[in-house]
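Below, chains carry the letters A, B, ... as their sequence lines are ordered, and counting in each starts from 1.
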Protein chains: 2
Amino acid sequence: MAKQKETITIYDVAREAGVSMATVSRVVNGNPNVKPATRKKVLNVIRQLGYRPNAVARGLASKKTTTVGVVIPDISNHFYAELTRGIEDIAAMYHYNIILSNSDLKKEKEISLIETLLEKQVDGLLFLGGEVTEAHREVFAATSVPIVLAATRDEKKELPYVTIDQIQAAKEATSVLIHEGGRRIALIGGPLTDSVNGYPRYLGYKGALEENDLPFDDELIRIGDYRYRSGYEAMTDLLKSKPDITSVFATSDEMAVGALHAAQDMGRKVPEELSVIGFENIPLSSQVRPLLSTVAVPMYDIGAVAMRLLTKYMNDEPVESGQVILQYRIELRNSTRLREWEEERL
Amino acid sequence: MAKQKETITIYDVAREAGVSMATVSRVVNGNPNVKPATRKKVLNVIRQLGYRPNAVARGLASKKTTTVGVVIPDISNHFYAELTRGIEDIAAMYHYNIILSNSDLKKEKEISLIETLLEKQVDGLLFLGGEVTEAHREVFAATSVPIVLAATRDEKKELPYVTIDQIQAAKEATSVLIHEGGRRIALIGGPLTDSVNGYPRYLGYKGALEENDLPFDDELIRIGDYRYRSGYEAMTDLLKSKPDITSVFATSDEMAVGALHAAQDMGRKVPEELSVIGFENIPLSSQVRPLLSTVAVPMYDIGAVAMRLLTKYMNDEPVESGQVILQYRIELRNSTRLREWEEERL
DNA sequence: CTGTTAGCGCTTTCAC
DNA sequence: GTGAAAGCGCTAACAG
């Protein structure tokens, strides 16, 4: 079987098998309306000729490409990689392929990627982790291709999404710190302008303090970029200006581990003298000492559920609710002192 | 702009603008042979009608889809995620999209994914991290679509690939351990049946011992699966049966960190009483204490270079060499005692 | 600089 | 159960 310069088409198979193109198309697509004998004959010719159906031609004729577009902030970020793995597994299960594009959370880029994906005639679109602005809304509204958001939400609830209750999760994480006795609880968060992750987690932190009648102190707050280094620096700074803090809620595991190391470098024992809790539950959190307590976000599931939801939309299947909130879990390990946690959810 | 039930085509634009389809096609594709006035007129109609070119139709007509297929072991593995990021960045730069599929290193699955990708008429194919068997060779030989391997190699050198010199890298890593005075050096490696990573790194380890006249001891070898837990367990076991080991070369950072923690849990001080060196240089290696010394593999670059190479093949550009070996770096941090390293490369 | 005309390879009625 | 024929939306000669 040499490099086939001359592509062999459905027509070649039809001729060779002495049937019509329609029949070949039927057997290729598993249509039952074909006499077994005919099917067998055609199948033989297909194998013999090494015929490979052209999905592009099929896509043009059927207006279905069995591929979905995925717009992701950054695939090298474990959180999103895990989400993507969930998406791809379910996609494969339903025989879809995914086209992946990184946006780096740049709005212009997100929009243009979506446009490109739409040009490629994807059957559906998954938009991960980004904020939905008016510009996004416009593009989404102008197409009939189904869209599902994952790890982000649509405040107006016009678009379907799959995510967790971030405010509540952050509130619980903070409560853990309070319930074990912490009274000076610092926050190492993301930018408050980040409406997807930064702001809601901040709100949760603040909410927990209020609920427990603890004073909210602006000076106990530091803003990082979710990366290790920023957590380390924030903690170093915090410990210098506010040496009396008892606990830290870092809104990403990387920042939490950075904070943990900074504390250790400054001679603080974790969790004896200082507690640290993170957010995400990436592998790192259980690959450091002490093991990091954190909010376990079901990353894989968010992706899987979002993709599953998308298949329903693509097949016009009924959908109970387009807004699905998955459960997170408070994973208590060794960077905090509390051993059990059973806050009832709202 | 409502959900466009009736898709608007190049023909509609042509009619509305009072020109031919060919002209519209020309302006859409930036063909210079169009009078500026005409171009402007067409562009206006395009905007006004909200026309979006159908890439599938274009693909069928032009026999180019500007998408490449990527077969990857596991996107949730940082090593491959980083590689993929390199691929996607370069792909975007050349206006290609990527279709991503996880194979979990299952050979059957790899082959079938490749078949699917070929059906989708990708312009090129990237095969990551897997072993190239005869079955692979057959599929590759049967198509005229260019293929580039990344983070793996083709022993027969029939296929182009981008990777590093694994044997040499493993040899150097081991040499670091020897040069700082280690004499009982253990290996926590991958399966020897893994011809892509496991075996070559084992060969490097062995080679370094030989070169330095150190005895090779089978009992100093443990096989893991590259994950943290297996490194931890291997080390625990090692320290029990061979308490006199001076150093460990773990062929993945996760295993190395696992080993490091196991050693610490058993009361060994790293690097004072025991040295550990890893392989890969994933973020984890610089987010643990002590910071892990490791072999820095240019993951992003492997992906980027492979994709760049692929664009050359896709455009029939001349290629100096299809086999490119990128440089790794020995990153000395705090889990080993040596402070400088300047082994000359072969 | 612009239009006409074939296809690209397949699906999909509609007949038979 | 099977075939004929009309597109799907676009590109690519080829004319002019």
- A:T7 vs C:dG9: side-chain N/O to OP1/OP2 distance below 4.0 Å: yes

- Side chains of A:K109 and A:S101: donor-acceptor distance under 3.5 Å anywhere? no

- Item | d(CE, A:M21; P, D:dG1) in whole Å | 21 Å

- Item | Distance below 4.0 Å between A:S25 side-chain N/O and C:dT11 OP1 or OP2 | yes

- Query: In whole Å, what is the span from the CG atom of A:L49 to the P atom of C:dG9?
  - Reply: 14 Å

- Whole-Å distance separating the CZ atom of A:R15 from the C1' atom of D:dG3: 17 Å

- Is any side-chain nitrogen or oxygen of A:Y51 closer than 4.0 Å to OP1 or OP2 of C:dC10? yes

- Message: What's the closest nucleotide to the side chain of A:A22 if the choices are D:dT11, C:dC10, C:dT12?
- Response: C:dT12

- Kindly check if the number of other-residue, nucleotide or ligand heavy atoms within 6.0 Å of CD (A:E108) is above 12? no

- Message: Within the 4.5 Å heavy-atom criterion, are B:V139 and B:T143 side-chain neighbours or not?
- Response: no

- May I have the distance from B:K40 (atom NZ) to C:dC1 (atom P), rounded to whole angstrom? 17 Å

- Message: Testing the 3.5 Å rule here: is there a donor-acceptor pair between the side chains of A:D89 and A:Y300?
- Response: yes

- Which atom pair, heavy atoms only, marks the closest approach of A:P298 to A:I164? CD-CG2, 3.8 Å

- Message: For a quick test of reading the model: is some side-chain N or O of B:T23 closer than 4.0 Å to OP1 or OP2 of C:dC1?
- Response: no

- Message: Among residues at least two apart in sequence or on other chains, which ones pass salt bridge (charged side-chain N to carboxylate O under 4.0 Å, His left out) with B:K35?
- Response: none

- Considering only NZ, NE, NH1 and NH2 on the basic side and carboxylate oxygens on the acidic side, decide whether B:R137 and B:E134 come within less than 4.0 Å. yes

- Message: Expressed as a whole number of angstroms, how long is the span from B:N33:CG to D:dA13:P?
- Response: 14 Å

- Task: Might you work through the side-chain contact (heavy atoms from CB on, under 4.5 Å) test for A:Y161 and A:I325, ending with a clear yes or no?
- Result: CA-CA 8 Å; A:Y161 57 75; A:I325 302 297; 4.0 Å; yes

- Judged by atom type as modelled, is there a donor-acceptor pair below 3.5 Å linking the side chain of A:E110 to the main-chain atoms of A:G130? no

- Message: Does anything in residues 114-123 of chain A come within less than 4.0 Å of DNA chain D? Heavy atoms only, and list the residues if so.
- Response: none

- Message: For D:dG3, does the base pair up with any side-chain atom of A:R26 as donor and acceptor (N or O, under 3.5 Å, distance only)?
- Response: yes

- Message: Classify B:V19 by what it touches in the nucleic acid, base, sugar-phosphate, or nothing, heavy-atom distance under 4.0 Å.
- Response: sugar-phosphate

- Nearest-angstrom distance from the residue atom CG of A:N31 to P of D:dT2: 10 Å

- Among the candidates C:dG3, D:dC10, D:dG1, find the nucleotide nearest to the side-chain atoms of B:P53. D:dC10

- Specify the separation, in whole Å, of atom CG of B:N29 and atom C1' of C:dT2. 15 Å

- Between A:Y11 and B:K35, the residue closer to the 5' end of DNA chain C by nearest nucleotide is B:K35

- Message: Tell me whether the side-chain N/O atoms of B:T9 come closer than 4.0 Å to OP1 or OP2 in D:dG9.
- Response: no

- Message: Contact list please: residues 54-66 of chain B against DNA chain D, heavy atoms, distance less than 4.0 Å, in numerical order.
- Response: B:N54, B:A57, B:R58, B:A61, B:S62

- Please tell me if the side chains of B:E16 and B:L49 come closer than 4.5 Å, counting only heavy atoms from C-beta onward. yes

